[in-house]
Undergrad: 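Please find one structure pasted underneath; my questions will follow.
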Amino acid sequence: MENFAGTDTAVRRQRNARGQGARLTEDIVTGALALIERAGSAEAVTLRAVAREVGIAAPSIYPHFADREAILAAVVARVFDELAAAIKAGAAAAGPDPVDQLVAGCTGYVDFGLSQPARYGVLFAGRWGPAADYCKPVAFGPDGRPVLEWGAEAFSLLLHGIEDCVTAGRSASTDVVADATAVWVALHGTVTLRTTLPGFP
């Protein structure tokens with residue numbers, strides 16, 4: 001835990017009205033994301049830096065987040081939501097064909113990763129929280145197939161996209177989870193290579 005005695009904030013934030021504490025929680029996450037985007041990595045996120053960014057006294061963070069790791073966990077959750085939204089938007093714009101929707105959703109994933117490299121990078125830069133929470137399985141579909149809780153919606157969109165192709169007779173996949181995993185790995189690899197090695201063929 002950091003010692004905040006004598007800590008100054010760069011900009012004093014206006015106090016929330018009673019009952020609007022949840023807004024400060026969101027502002028803290030937004031402040032952490034702003035630091036990450038400017039610095040290019042999560043290393044920029046400290047309690048003091050976030051407090052300065054938001055314009056609050058650093059101890060005011062504690063009613064909302066126990067520590068730096070809790071803030072980063074909330075950042076990761078928000079960015080995974082943004083990634084899922086990018087996949088959905090791509091698929092929605094593709095028309096009714098399930099193959100077109102799957103390809104467009106995958107393109108949405110890659111476009112998000114390449115256009116938001118700092119945000120995307122924080123998703124896989126570390127494990128923000130206990131391993132038991134990070135890898136807690138959740139179920140998709142009646143057979144209860146497990147996927148990771150973090151990023152589960154984004155992964156499920158790929159999984160269901162492949163399932164829709166199978167249902168339409170447009171895919172010969174016999175193991176949708178394995179194929180969705182392979183596609184996810186390929187998408188992540190594409191973003192990572194294009195970001196770190198732009199000249200890779």
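Keep in mind that what you see is a predicted model, and the values were worked out from it rather than measured.
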Undergrad: Output side-chain donor-acceptor pairs under 3.5 Å for residues 104-114, partner residues at least two apart or in another chain, one line each.
TA:
from   : atom 1 : to     : atom 2 : distance (Å)
Thr107 : OG1    : Val103 : O      : 3.0
Tyr109 : OH     : Tyr120 : OH     : 2.7

Undergrad: Would you list the atom pairs, donor with acceptor, under 3.5 Å between side chains in residues 29-42 and any protein atom, with sequence neighbours excluded?
TA:
from  : atom 1 : to     : atom 2 : distance (Å)
Thr30 : OG1    : Glu26  : O      : 3.0
Thr30 : OG1    : Arg78  : NH1    : 2.8
Thr30 : OG1    : Arg78  : NH2    : 3.4
Glu37 : OE2    : Arg119 : NH1    : 2.4
Arg38 : NH1    : Glu53  : OE2    : 3.3
Arg38 : NH2    : Glu53  : OE1    : 2.5
Ser41 : OG     : Glu43  : N      : 3.2

Undergrad: Quick check: does any side chain N or O of Arg48 sit under 3.5 Å from a backbone N or O of Ala58, one acting as donor and the other as acceptor?
TA: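 Side chain of Arg48 to backbone of Ala58, a donor-acceptor pair under 3.5 Å: no, none is there.
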Undergrad: Quick one: list whatever passes side-chain hydrogen bond (donor to acceptor under 3.5 Å, both in side chains) with Asp179, sequence neighbours left out.
TA: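 By the side-chain hydrogen bond (donor to acceptor under 3.5 Å, both in side chains) rule, Asp179 matches Ser173.
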Undergrad: Less than 4.5 Å apart, any side-chain heavy atom of Ile71 and any of Ile61?
TA: yes
Undergrad: Just verifying a value: how many Å separate Leu123 CG and Leu83 CG, rounded to the nearest 0.5 Å?
TA: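 These two atoms lie 6.5 Å from each other.
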Undergrad: Restricting to non-hydrogen atoms, name the atom on Pro117 and the atom on Thr195 that form the minimum distance, rounded to 0.1 Å.
TA: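 Smallest interatomic distance, heavy atoms only, reads CB-CG2, 4.2 Å.
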Undergrad: Quick one: list whatever passes side-chain contact (heavy atoms from CB on, under 4.5 Å) with Thr167, sequence neighbours left out.
TA: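 None.
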Undergrad: Out of curiosity, does Val122 fall in the hydrophobic cluster containing Phe124 (side-chain heavy atoms, cut-off under 4.5 Å, transitive links)?
TA: yes
Undergrad: Run the side chain to side chain contact (heavy atoms under 4.5 Å, CB included) check on Leu158 and Leu187 step by step: do they pass?
TA: CA-CA 11 Å; Leu158 282 178; Leu187 296 175; 4.0 Å; yes
Undergrad: Under the side-chain contact (heavy atoms from CB on, under 4.5 Å) rule, collect the residues that match up with Ala70, sequence neighbours excluded.
TA: Phe65, Asp67
Undergrad: Donor-acceptor pairs under 3.5 angstrom involving side-chain atoms of residues 88-102: please list them, not counting sequence neighbours.
TA:
from   : atom 1 : to     : atom 2 : distance (Å)
Lys88  : NZ     : Glu153 : OE2    : 2.6
Asp97  : OD1    : Arg170 : NH1    : 2.4
Asp97  : OD2    : Val99  : N      : 3.1
Asp97  : OD2    : Asp100 : N      : 2.9
Gln101 : NE2    : Gly95  : O      : 2.7

Undergrad: Return each pair, listed once, that meets salt bridge (charged side-chain N to carboxylate O under 4.0 Å, His left out) where at least one residue sits in residues 191-201; pairs must be two or more places apart or across chains.
TA: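 The answer is none; no pair qualifies.
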Undergrad: Indicate yes or no: at least one non-hydrogen side-chain atom of Asp175 is less than 4.5 angstrom from one of Val177.
TA: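 Touching, per the 4.5 Å side-chain cut-off.
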Undergrad: To the closest 0.5 Å, what do you measure between CD1 (Ile87) and CZ (Phe155)?
TA: 10.5 Å
Undergrad: Over all heavy atoms of both residues, which pair between Ile28 and His64 is shortest? Give the atoms and the distance, please.
TA: CD1-CB, 4.0 Å
Undergrad: Drop me the distance from Phe200's CZ to Thr190's OG1, to the nearest 0.5 angstrom.
TA: 9.5 Å
Undergrad: Can you tell me how far OG1 of Thr192 sits from CG of Leu197, rounded to the nearest 0.5 angstrom?
TA: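 Here the interatomic distance stands at 10.0 Å.
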